[in-house]
Number of protein chains: 2
Amino acid sequence: MNPDALRGHMDALLLSVVEAGPLHGYAIIEALQERSGGALSVPTGTVYPALRRLERVGHLSSEWATVGGRKRRTYRLTDSGRKQLEGERSAWREFTSAIGSVLSPGPEAP
Amino acid sequence: MNPDALRGHMDALLLSVVEAGPLHGYAIIEALQERSGGALSVPTGTVYPALRRLERVGHLSSEWATVGGRKRRTYRLTDSGRKQLEGERSAWREFTSAIGSVLSPGPEAP
DNA sequence: CTCTATATGTAGGTGGTCTAGATAAGGGAG
DNA sequence: CTCCCTTATCTAGACCACCTACATATAGAG
């Protein structure tokens, strides 16, 4: 997967993964891999800063938890984040539609 | 359209637009707008350097023409570019599939 | 003459992502 | 006990595709 292709879609991916329930960063990375059928392997150096950015703008909130001696920062979708995710989903549809119509070799039918 | 979303898909768009026949930069920008239903308005500062980059790597070739006193640099898809476009199209399908499966709220069926 | 459309190009800035490395604790293998 | 893998988080710095803004030039309309 070309890294540049993810530009501008990272937020949607992260928000979508934590939609069902709170998750910590490491689990988010695994969830991305799993739900994409292994196609998405996003490095930690991308995910952790992105999560902090999303928290900074208010789309996520976080709290620390300790499970089995391991410290985790668990992220939760805020109301703002839920609205944002809605917007991201419709933006995604518009985006794929626009690119798809340029990429598809078929000429317009009369 | 969020500019970042286009990252990594510009090549596919440009190659696809010149697939049917040679076009010059200005016409390529108009074709992108038209074929996307107005969704894609890519600035000249993006397109011209991108076209030069694609020529540098051999996916496009160019020649100057003068039409009605205006100078145009007309770009043509090379064999290498045609192969590249094929690859870009399949990459696009994989990309949309991967993102789509993460973004879609539906849980996997048993 | 002025303004718009056509047409191409560059310099410099932005910012999200990646690379690479640091830190730390649990648990199994040997 | 020691080594190593997994789990878990974080940051500094580099990269580079894209954008903004500007410069240049001709044709044609008003």
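Reminder, nothing fancy here: chain letters follow the sequence lines and each chain counts from 1.
- Along DNA chain C, the nucleotide closest to B:Glu30 and the one closest to B:Tyr75 are compared, and the more 5′ of them pairs with B:Glu30.
- Checking side-chain atoms of B:Arg72 against main-chain N and O of B:Ala65 turns up no donor-acceptor pair under 3.5 Å.
- Taking a 4.0 Å limit (strictly below) on heavy-atom distances, residues 47-56 of chain A reaches DNA chain D at A:Tyr48, A:Pro49, A:Arg52.
- In this structure, A:Gly45 reaches the bases: a heavy-atom distance under 4.0 Å links it to at least one base atom across the strands shown.
- Separating the CD1 atom in A:Ile28 from the CG atom in A:Leu51 is a distance of 4.5 Å, to the nearest 0.5 Å.
- Residues B:Ile99 and A:Thr96 fail the side-chain proximity criterion, which asks for heavy atoms closer than 4.5 Å.
- The side chain of A:Thr44 has D:dC10 as its nearest neighbour among D:dC19, D:dC10, C:dG9.
- Checked by atom type and distance alone, the side chain of A:Thr74 never pairs as donor or acceptor with a backbone atom of A:Leu23 at under 3.5 Å.
- Of the possible donor and acceptor atoms, none in the side chain of B:Arg76 sits under 3.5 Å from a partner among the backbone N and O of B:Pro22.
- Rounded to whole Å, the distance from CD on B:Gln33 to C1' on C:dT6 is 14 Å.
- Atoms NE2 (A:His24) and C1' (C:dA25) sit 14 Å apart, rounded to a whole Å.
- Here the P atom of nucleotide C:dC18 and the CG atom of A:Leu32 are 11 Å apart, to the nearest Å.
- If you find the closest nucleotide of DNA chain D to A:Ala27 and to B:Thr46, the one lying nearer the 5' end belongs to A:Ala27.
- Aromatic ring orientation, B:Trp92 versus B:His9: perpendicular (interplanar angle above 60°, classes split at 30° and 60°).
- Residue A:Arg72 places at least one side-chain N or O closer than 4.0 Å to OP1 or OP2 of D:dA8.
- Side-chain atoms of A:Ser16 come within 3.5 Å of backbone atoms of B:Val102 as a donor-acceptor pair (strictly under, hydrogens ignored).
- Near DNA chain C, defined here as any heavy-atom distance below 4.0 Å, the residues from residues 1-15 of chain B are B:Asp4, B:Arg7, listed numerically.
- By the 4.0 Å N-to-carboxylate-O rule, B:Glu19 lies close enough to B:Arg89 to be salt-bridged with it.
- The CD1 atom of A:Ile99 sits 14 Å away from the C1' atom of D:dC18 (whole-angstrom rounding).
- Separating the NZ atom of A:Lys71 from the P atom of D:dC10 is a distance of 11 Å, rounded to the nearest angstrom.
- Tested against B:Asp11 for a side-chain hydrogen bond (donor to acceptor under 3.5 Å, both in side chains), the candidates B:Gln84, B:Arg53, B:His59 yield a single pass: B:Arg53.
- Distance, A:Glu88 CD to C:dG16 C1': 14 Å, rounded to whole Å.
- Between the P atom of C:dT6 and the CD1 atom of B:Ile28 lies a distance of 16 Å, rounded to the nearest Å.
- The 5' end of DNA chain C is approached more closely, in terms of each residue's nearest nucleotide, by A:Pro43 than by the other of A:Gly68 and A:Pro43.
- As judged by a 4.0 angstrom heavy-atom cut-off over every strand, B:Gly25 is placed among residues touching the sugar-phosphate backbone only.
- B:Arg73 comes within 4.0 angstrom of sugar-phosphate atoms only, judged by non-hydrogen atoms across all strands, and of no base.
- The closest side-chain heavy-atom distance from A:Glu55 to A:Arg73 is below 4.5 Å.
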